[in-house]
Amino acid sequence: MSYNSPFTGNVIQPTDVSFRAVTLSANTQLEWPINGNATDDFAARIMQVTATTTSLSLFMPPANQSSVGNDALIRNVGSNTFTVKTYEGASTIISIAAGESKYVYITANPTTTGTWGNISFGTGTSSADASTLAGYGLVASGLTLNQSHPAQTLVTAGTFAVADRAQTSVWTGGAGTYNLPSASTIGNNWFTLFKNSGTGSMVISAADNIDGAGTKTFAPNESAFIVSTGVTYLTVGYGVSNQFFYTSLVKAVVTGSYTLTSSEASNTIQTYTGTLTGNVTVVYPPVVNLYVIKNSVTAGGFTLTVGTGVGTSVVIPSGQQVTLACDGTNFFNANTSQAGSVTSVSLADGTVGVPSLSFASEATTGVFRAGAGQFNTSILGVLRSTLSATGLTIVGGVAGTTGAFSGAVSGTTGFD
């Protein structure tokens, strides 16, 4: 059946009532005010509805008694939410909260139920619909938007996603790794809140770097905002655990100079790895700090030197671990023995190429232990003497110019 005017082609409106105030105290079925009938519960073009209690519904008139496009603007001026439904409550068109206005209209009318569309008109003060606008990090509270950082638990390895924006992500497992997506893909200003509430170190890995490094380790109870710049990631408000204060860095080196970032240099325990093809110098920021550094490189005759680039530097022999202090300019050995007390110092056995006690400027010259009951010396990585319970063996010649012995003695056996 057509409800279009043969004269204008426009929809013939069955309602001739422009406005009505409705007090909704029970589920109410509306009718079209046909033929000027305005004595029943009729629908008007604009209706202000006050629901006296919750869970009430307003049923629209039969859709097949009107044309497609017939409409009504319904505003909730009360304090209770109510629901607008199709004829006899067959299905829900829209739920209208306090202060909201909804525009409903017929899109198909083959039956009494029909099909209805709706548009949100916001509130009586022309404010935006908070529930419609709420996105990641926002929640509708009444008529306003409020910050929201809902918590989620992480227990297995995974990758952060767009939907993790503004989430509070709490790691509750043991040692593990979680990945960050490409910063250019996830975009500038994406952020998430992260806290390690687990039992082991949690590594956040970023192909685009986080705080200047490929990974950032969170000890138990550490937390931070993780923010994307669209190019890289950085942390804000990083909280260092007072139980697990020290962090570690493993850095591969090959040849040439390496300048540490502030994030890398903040790790107290550091290990250098790789197979050297040339001498390596590691340049640290000029700050006061204490470092425990292990040289685990395959040296190949090359050296590993650390310093600030402007003061005294230190050569760390391959296979050795040292504790160094930096005064903001110079590096110096922090290992000491207290004079006047009973102390003992134990050395690793070492090898002829890597003596256990050597010189900062000549790492291959020093003393080592080649076997049980032996005390050996190495000069530039070559065995030169062995002292044992049976005597002293000199490798090469012995030369003297003064005193009880003069001249030269060559041999590899003991002498008096």
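- The closest side-chain heavy-atom distance from N196 to S223 is not below 4.5 Å.
- Counting only distance, with no hydrogens or angles, the side chain of R165 and the backbone of N189 share a donor-acceptor pair below 3.5 Å.
- Side-chain contact between T232 and I210: absent, with no pair of heavy atoms (C-beta onward) separated by less than 4.5 Å.
- Proximity of a side-chain donor or acceptor of E362 to a complementary backbone N or O of F359 within less than 3.5 Å is not detected.
- Judged by distance alone, with hydrogens and angles left aside, the side-chain atoms of Q48 form no donor-acceptor pair with the main-chain N or O of A21 at under 3.5 Å.
- Here the closest heavy-atom approach between residue P355 and residue Q320 is recorded as O-NE2, 4.1 Å.
- A donor-acceptor pair under 3.5 Å is absent between the side-chain atoms of R369 and the main chain of G350, judged by distance alone.
- With 3.5 Å as the limit, one finds a donor-acceptor pair spanning the side chains of N376 and T386.
- A distance of 5.0 Å separates CG in N221 from NZ in K195, rounded to the nearest 0.5 Å.
- Counting heavy atoms from C-beta on, the side chains of I379 and L383 never come closer than 4.5 Å.
- Between T312 and F332, the closest side-chain pair of non-hydrogen atoms is not below 4.5 Å.
- Using a 4.5 Å heavy-atom cutoff, the side chains of P61 and L30 are in contact.
- Side-chain N/O atoms of E222 and Y238 include a donor and acceptor closer than 3.5 Å.
- Summarising the geometry, atom CG belonging to N118 is positioned 7.0 Å from atom OH belonging to Y105; distances are rounded to the nearest 0.5 Å.
- With rounding to the nearest 0.5 angstrom, the OH atom of Y136 is 12.5 Å from the OG1 atom of T192.
- Distance check, rounded to the nearest 0.5 Å: CD1 of I96 to NZ of K102 gives 7.0 Å.
- Note on ring orientation: taking the six-membered ring where Trp is involved, the planes of F194 and F218 are perpendicular (angle over 60°, cut-offs 30° and 60°).
- The side-chain heavy atoms of I94 and V104, taken from C-beta on, include a pair separated by under 4.5 Å.
- One N or O on the side chain of N109 and one on the backbone of S66 form a donor-acceptor pair closer than 3.5 Å.
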Problem - Step-by-step side chain to side chain contact (heavy atoms under 4.5 Å, CB included) determination, V292 to Q321 - result: CA-CA 7 Å; V292 179; Q321 177 177 298; 3.8 Å; yes
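- For the side chain to side chain donor-acceptor pair (under 3.5 Å) condition, the pairs that include at least one residue of residues 200-214, sequence neighbours left out, are D211-K216, D211-T235.
- Of all non-hydrogen atoms in W32 and P62, the two that sit nearest each other are NE1-O, 2.8 Å.
- If you take CG on L24 and OG1 on T83, they are separated by 9.5 Å, rounding to the nearest 0.5 Å.
- Taking every heavy atom of both residues into account, P150 and Q167 meet most closely at O-OE1, 2.7 Å.
- The main-chain N or O of T303 is found under 3.5 Å from a side-chain atom of N279 such that the two form a donor-acceptor pair.
- Of the possible polar contacts, one joining the N76 side chain to the N80 backbone as a donor-acceptor pair under 3.5 Å is found.
- In this structure, K251 pairs ionically with E264, as a charged nitrogen and a carboxylate oxygen lie closer than 4.0 Å.
- Closest heavy-atom contact between Y272 and L304: CB-CD2, 4.0 Å.
- Although no hydrogens or angles enter the test, the distance criterion places a donor-acceptor pair under 3.5 Å between the side chain of T365 and the main chain of L380.
- Between the side chains of Y284 and Q270, at least one donor N or O sits under 3.5 Å from an acceptor N or O.
- Side-chain atoms of Q374 and S388 include no donor-acceptor pair closer than 3.5 Å.
- Using a 4.5 Å heavy-atom cutoff, the side chains of V306 and L324 are in contact.
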Please report, to 0.1 Å, the donor-acceptor pairs under 3.5 Å made by any side chain of residues 295-302, with sequence neighbours excluded.
unit_1, atom_1, unit_2, atom_2, d
N295, OD1, V297, N, 3.1
N295, ND2, I316, O, 2.7
N295, ND2, P317, O, 3.4

Practice task
Could you please spell out the steps behind the ring-ring contact (aromatic ring centres under 6.0 Å, His included) verdict for F375 and F368?
Solution key: CA-CA 6 Å; F375 181 87; F368 67 100; 8.9 Å; no
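- Under the 3.5 Å distance criterion, the side-chain polar atoms of T113 are left unmatched by any main-chain donor or acceptor of T111.
- Nearest heavy-atom pair, P181 versus Y233, reported as atom, atom and distance to 0.1 Å: O-OH, 2.7 Å.
- In this structure, the separation between OG1 on T172 and CE on M202 is 10.0 Å, given to the nearest 0.5 Å.
- Using a 4.5 Å cut-off on side-chain heavy atoms (C-beta onward), T50 and F82 make no contact.
- Between the side chains of S91 and T86, a donor-acceptor pair is found at a separation under 3.5 Å.
- In terms of modelled atom types and a separation under 3.5 Å, the side chain of N330 and the main chain of G311 share no donor-acceptor contact.
- Considering every non-hydrogen atom in both G137 and A166, the closest pair reads CA-CB, 3.4 Å.
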